[in-house]
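Keep in mind the model is a prediction, meaning the values are calculated, not measured.
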Amino acid sequence: MSRNARINTLLLLAVAALAVLPLVLGLGDHREEPFTGSDAQAETAITELEPDYEPWFSPLYEPPSAEIESALFALQAALGAGVLAYYFGLRRGRRQGEERAAARAGALPEEAAGEAPGAEPGSGDAPAAKLP
């Protein structure tokens with residue numbers, strides 16, 4: 001197994017452990033809703049500490065149900081992941097293209113100077129035609 005494959009396997013195991021361990025260890029069993037979002041937990045904590053608190057702004061759009069809210073959140077996460085994947089793919093492709101161009105330039109110094117491969121330097125021979 002290559003080094004990259006081992007690293008990828010370890011990362012996948014770590015992600016799986018982060019997802020499964022809270023369920024296996026029973027974290028959140030003492031709560032009515034064990035895995036609510038941080039927004040709901042913050043709202044509950046604020047109303048317990050300061051019952052007269054009124055928010056100073058309201059959301060621009062309130063989804064009609066929790067399912068739609070969850071779907072919009074998943075869509076937002078997917079779009080963000082797509083943008084990041086595109087960016088990292090673009091960077092990798094550019095780097096690979098630059099490496100290939102540098103390798104070609106380094107491997108063919110005689111042709112780049114306008115001389116035929118194998119010709120005497122400075123003889124002025126034109127490069128030979130390349131076959132596909």
* Does I46 have any side chain to side chain contact (heavy atoms under 4.5 Å, CB included) partners at least two apart in sequence or in another chain, and if so, which? ->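 I46 satisfies side chain to side chain contact (heavy atoms under 4.5 Å, CB included) with Y53 once adjacent residues are dropped.
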* Asked: Which pair of non-hydrogen atoms, one from R6 and one from M1, has the smallest distance, and what is that distance?
  ->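 So the minimum-distance heavy-atom pair works out to NH2-O, 3.2 Å.
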* Can you name the closest pair of heavy atoms from A17 and P22 and give their distance? -> O-CD, 4.1 Å
[atom1]/[X] to [atom2]/[Y] distance, rounded to the nearest 0.5 angstrom?
X: L12; Y: I7; atom1: CG; atom2: CD1; value: 12.0 Å
X: D52; Y: T47; atom1: CG; atom2: OG1; value: 11.0 Å
X: L90; Y: R94; atom1: CG; atom2: CZ; value: 4.0 Å
X: L75; Y: I68; atom1: CG; atom2: CD1; value: 12.5 Å
X: L84; Y: L79; atom1: CG; atom2: CG; value: 11.0 Å

* Asked: Using a side-chain heavy atom cutoff under 4.5 Å and only I, L, V, M, F, W and Y, what cluster partners does V20 have?
  -> V24
* **Within 6.0 Å of CZ in F57, more than 12 heavy atoms from elsewhere** => no
* To do: Say whether, by atom type as modelled, one donor and one acceptor occur between the side chain of S70 and the main chain of A66 under 3.5 angstrom.
  =>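 No.
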